[in-house]
Amino acid sequence: MLAYSGGLDTSVMIKWLQEKYNAEVITATVNVGQPEDLAEVEEKANNLGVLKHYSIDAKEEFATDYIFPAIKANALYEGKYPISTTLSRPLIVAKMAEIAEKEGATALAHGCTGKGNDQVRFDISIGALAPDLKIIAPVREWNMTRDEEIEYAKVHGIPVSTASKKYSIDQSIWGRSIECGVLEDASKEPPEDAFEWTTAPEKAPNTPEYVTIEFEAGVPVALNNEALAPLSLIEKLNKTAGKHGVGRIDHIEDRMVGIKSREIYECPAATVVIDAHKDLEKMVMTRHEVLFKQQIDAQWTFLAYAGLWLDPLREDLEAFINKSQENVNGKVRVKLYKGGLHIVGRSSPMSLYDQNLVNYNIKTSFNQAYSEGFIQLWGLQTRMHNILKRKAKEQKTKSGA
Ligand code: ARG
């Protein structure tokens, strides 16, 4: 079984597995929002002499079972990256493992390199879901340079696209990862041609656009009062936010293998939805819930990033997260303008925000006289410490004199 994308690496892999392992190769392409045409990919696989090819459209499942939990967990790795590549890996492996079992495959091969995170996610998930399968990661074994691969492809009649690719792209409906080439110089601004989903902020429309996102139990259910299924909602918001240049990410990221990498992403919908979701949580949750949940969210995100989607801790954390979302209902109004994302309004039937409480001119049940006593107790230890500190200093100056 080979997880096949239709690109150069995995195409070369088909031939390489046939030659080196004398293997009969079955390929499968799991679509989570890649740009490649599934029918073309299938034709390409068949032309390379595979035994069988599977095309699986998993976009709906990806949205509902992987992206929605990530929204509830406000998943941003190292505070920035909506783990758009990450999330698809365990789903791809689950689909591959299913087919492998049905087909009686003996090994599962994937196109990950030995330097990235994806190998960690693939290998651990395969080990968890299909423990009897041998794992083959040809790129870790074959030691071919890009030029050698192209040469190998030519010799074996594998079509090589003439447009020499400037970047290495990975795409799902949750975002686009752009790597390699000039982007590797972390000191330089990414050139405009790296981006496809987002307009350059300076070229974005001159009038702002407002989007209202409605949440129910922590997940988005409607855009501008139109109820939408998870996948259509994400696709629609990607377009709208992308048009206004929202969702470009450029940061330094810690990979699992220790390498620091400069990563460029375009994640318009993810950026908007997570920001809106966080804002709504702060309106409906107690401060104790908000602060505690930040730690749970970070742990959930780290597990997913680190290839441990199938560790039971993820579901343990989700038991907390899901319970915490019961009251996360309401609407958030977002203003999109020239690359900027601004939350400009929010409302909820479960709001703990009370406009009367903050107003100085309205009489409410809030008794200001109580505040004085509260402050006495709240600052008790802080006052004691500073009094002791001053005494100790005075004594020191005395004895020193
Ligand atoms: N650094 C990101 C991650 O670990 C993106 C990786 C992109 N993967 C790729 N095969 N191009 O999730």
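Whatever order the structure lists them in is the order used to number ligands and atoms, beginning at 1. Quick note: numbers below take in every heavy atom, side chains included, and nothing from hydrogens, waters or symmetry partners.
Note: F68 CZ to L87 CG = 12.5 Å, rounded to the nearest 0.5 Å. The structure places CG of N74 at 10.5 Å from CH2 of W300, a figure rounded to the nearest 0.5 Å. For the atom pair NZ (K72) and CG (D297), the distance works out to 12.0 Å, reported to the nearest 0.5 Å. Atom OG1 of T29 is separated from atom OH of Y54 by 12.5 Å, given to the nearest 0.5 angstrom.
Among protein heavy atoms, the minimum distance from atom 11 (N) of ligand 1 is reached at E179 OE1, 3.2 Å. The nearest heavy-atom contact from the protein to atom 4 (O) of ligand 1 is N117 ND2, 2.7 Å. For atom 12 (O) of ligand 1, the closest non-hydrogen atom of the protein is Y81 OH, 2.6 Å.
Counting heavy atoms closer than 4.0 Å to ligand 1, residue Y77 contributes nothing at all. Proximity of T86 to ligand 1, defined as any heavy-atom pair under 4.0 Å, is shared by backbone and side chain alike. Residue R176 does not touch ligand 1, judged by heavy-atom distances below 4.0 Å. When heavy-atom distances to ligand 1 are checked against a 4.0 Å cut-off, E253 comes that close only through its side chain, counted from C-beta outward.
The atoms of ligand 1 that sit less than 4.0 Å from any heavy atom of D118 are 8 (N), 9 (C), 10 (N). In the vicinity of Y265, heavy-atom distances shorter than 4.0 Å reach the ligand 1 atoms 1 (N), 2 (C), 5 (C). Heavy-atom contacts of R121 reach the following atoms of ligand 1: 3 (C), 4 (O), 12 (O) (cutoff under 4.0 Å).
At under 3.5 Å, not a single nitrogen or oxygen of D170, backbone or side chain, sits near a nitrogen or oxygen of ligand 1. Considering both main-chain and side-chain atoms, T85 never comes within under 3.5 Å of ligand 1 through any nitrogen or oxygen pair.
Checked against the 6.0 Å centroid criterion, the rings of Y337 and H244 do not qualify as a close aromatic pair. The ring of F292 has its center no closer than 6.0 angstrom to the ring center of H288.
Heavy atoms of M256 come nearer than 4.0 angstrom to ligand 1 in no pair at all.
Taking a cutoff of 4.0 Å between a charged side-chain nitrogen and a carboxylate oxygen, R314 and D311 do not qualify as a salt bridge.
Residue V257 comes nearest to K115 through the heavy atom pair CG2-O, 3.2 Å, listed as atom of the first residue, atom of the second, then distance.
Using a 4.5 Å heavy-atom cutoff, the side chains of N367 and Y370 are in contact.
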